[in-house]
Protein chains: 2
Amino acid sequence: MRPTKKNTRAGSGKTPAAAITDAESVTDRVADAITSGIRAGTFVPGQHLPESAITLRLGISRGSLREALKHLAAAGIVTLNRFRGAYISTLDLRSTLDLLETLEPLARLAARLAAEHCDTNEKRRRMKAAADAIDVAGRNRARAEYLERRRHFYDTLVEIGGNTELARVMPLSRTDLFRAQVERIQTERQRALHLAGYSRIAAAVIARDPAAADRAVQRHFAGTRQTVAELPADVFPSQRRR
Amino acid sequence: MRPTKKNTRAGSGKTPAAAITDAESVTDRVADAITSGIRAGTFVPGQHLPESAITLRLGISRGSLREALKHLAAAGIVTLNRFRGAYISTLDLRSTLDLLETLEPLARLAARLAAEHCDTNEKRRRMKAAADAIDVAGRNRARAEYLERRRHFYDTLVEIGGNTELARVMPLSRTDLFRAQVERIQTERQRALHLAGYSRIAAAVIARDPAAADRAVQRHFAGTRQTVAELPADVFPSQRRR
DNA sequence: TCAATCAATATTGTAGGACGATTTCCGCTG
DNA sequence: CAGCGGAAATCGTCCTACAATATTGATTGA
């Protein structure tokens, strides 16, 4: 019953295998587990995260978990209520529109920068690979994989652009929440249009056309807003404190 | 450092609206103490924050401090080096320019939104008060106060704009770092030009002219970039692992 | 029966200690 | 003086304990 990955602690000698993978602290592993768990659907927005349950499940101490939760709360991924615990954040309609409004200028900047700096075959290859990966995952309706690929697409875009502050600021994890709430219920047509957006952005970046990349992102966001407007109202929770 | 203790005892009655739960936790107080300490000059970029020293100084437990540090690290205010501890983050020239490039579109958005929503006398009054406060503090060369007022100006701008996600994303604390490094050495002329920028932004917002507000922010950032370009090179550290 | 009240329980917030892991510091040797 | 090795300092993680608060459940009265 217990997860078998509780080792690496009492081991006297340090196995080289463990040394390779262990650049990560326990706290970081926990944060990763939760964020990727959101993309994978293991954790859903609004879900309560009792400390005792999570520490047991991940085999870590309470202190480490609390550090990780503080980190995630700062990123807006979980919401901490004093004496009531941690919840996976939920986005109501208002927050979602605000989020899109905020993310759009950042994404446009990222696209412009990427287009300006996409000057090697290696970068072009990575950009194209990221876009293609989204397409494949999207067509296969592989939700978890799609969200991972989408995240990777933005990461690649930002990395090629070369602005390290942008990576810190872009609220990608927060949009993962939005996607997690929305992905399962959008229509096929909406999905297809959305997927096409990424390809168009990538094409403009690879063509090293900043203005076109900017426009492609704008268009992409317009489409996303349209999708949100067409969603049934019950996708979004009424604003409760969570 | 003055801990703000506002204990709104909500008793038994259940308020239907979302005005809820703000008691200050120790962790939050620590985070506040460090961020405001940066603006006040108590903590300077690059400074090491040994856990034992800080816990002693603030009279808190190590666990609470570590939670606060994780929060601050997520915001980019402190940098954590495994087994080496926490440092107040430093911005090299590259990071500073990246930061300005990232902040600018967000500030422009904030200004546009504020201009669109500045529809009551109360909001106009607050906007003007925030701008005037910067001016006073700036002229008096009161560095700590100036940085506080500047922060308040942006907070007001964002709040009037009404986009809650923007408040979460804008890297204002990170720019406090930049200001803390730069403020003491910019020339009088640079300072005066900079101060004028805030007034101009406020004026456009109060006039409910989004386009003008947008332009005012653009101009403001152009000036800031100019100031950075004129700074002596030794203001910025060579990128070391901190 | 149902609503309000109050006690029992569960969960979180904070403190403090223990110990291995890693870095840093410093003296020693060659 | 470069390199080596050990001592000291600091960090990462776990653990326990207890106070503060929220939630749950039982009791009571209308």
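Below, read A as the first sequence line, B as the second, and so on, with proteins coming before strands; counting in each chain starts at 1. Just the heavy atoms: all of them, side chains too, but no hydrogens, waters or symmetry mates, feed the values below.
B:Ser61 has no side-chain polar atom (N or O) that falls below the 4.0 Å cut-off from OP1 or OP2 of C:dT14. For the pair A:Ser64 and D:dG12, the criterion of a side-chain N or O lying under 4.0 Å from OP1 or OP2 is not met. At least one side-chain nitrogen or oxygen of B:Arg82 sits closer than 4.0 Å to the OP1 or OP2 atom of D:dT13. Side-chain N/O atoms of A:Thr27 include none lying less than 4.0 angstrom from OP1 or OP2 on D:dG12.
The separation between B:Glu24 atom CD and C:dT14 atom P is 10 Å, rounded to whole Å. Distance, B:Phe83 CZ to C:dT23 C1': 9 Å, rounded to whole Å. Rounded to a whole Å, the CD1 atom of A:Ile54 is 14 Å from the C1' atom of C:dT11. The distance between atom CG of A:Leu80 and atom C1' of C:dT12, rounded to the nearest whole Å, is 11 Å. Atom pair A:Leu49:CG and C:dA10:P shows a separation of 20 Å (rounding to whole Å applied). The separation between B:His48 atom NE2 and D:dA9 atom P is 14 Å, rounded to whole Å. A:Arg84 places its CZ atom 10 Å from the P atom of D:dT24, with the value rounded to the nearest Å. Residue B:Tyr87 contributes atom OH, which lies 10 Å from atom C1' of C:dT23 at whole-angstrom precision.
Salt bridge absent: B:Glu24 and B:Arg29 never bring a charged side-chain N and a carboxylate O closer than 4.0 Å. A salt bridge links A:Glu165 and A:Arg168; the closest N-O separation between the charged side-chain nitrogens and carboxylate oxygens is under 4.0 Å. Salt bridge A:Arg126/A:Glu159: present, at least one basic N to carboxylate O contact under 4.0 Å. A salt bridge does not link B:Glu148 with B:Arg151: none of the charged nitrogens is closer than 4.0 Å to a carboxylate oxygen.
Comparing the start and finish of the helix from C:dT1-D:dA30 to C:dG30-D:dC1, five pairs each, the helix axis swings through 10°, to the nearest 10 degrees.
Contact between A:Pro171 and A:Leu103 at its shortest, heavy atoms only, is CD-CD1, 3.6 Å. Of all heavy-atom pairs spanning B:Ser173 and B:Ile77, the tightest one is CB-CD1, 3.4 Å.
Nearest to the side chain of A:Glu51, among C:dT14, D:dG12, C:dT12, sits C:dT12.
Within the 4.0 angstrom heavy-atom criterion, no nucleotide atom of any strand lies near A:Gly63.
Among the candidates B:Ile54, B:Thr79, B:Ile34, the single residue satisfying the side chain to side chain contact (heavy atoms under 4.5 Å, CB included) test with B:Leu69 is B:Ile34.
Residue-to-nucleotide contacts include a donor-acceptor pair under 3.5 Å from the side chain of A:Arg62 to the base of C:dG13.
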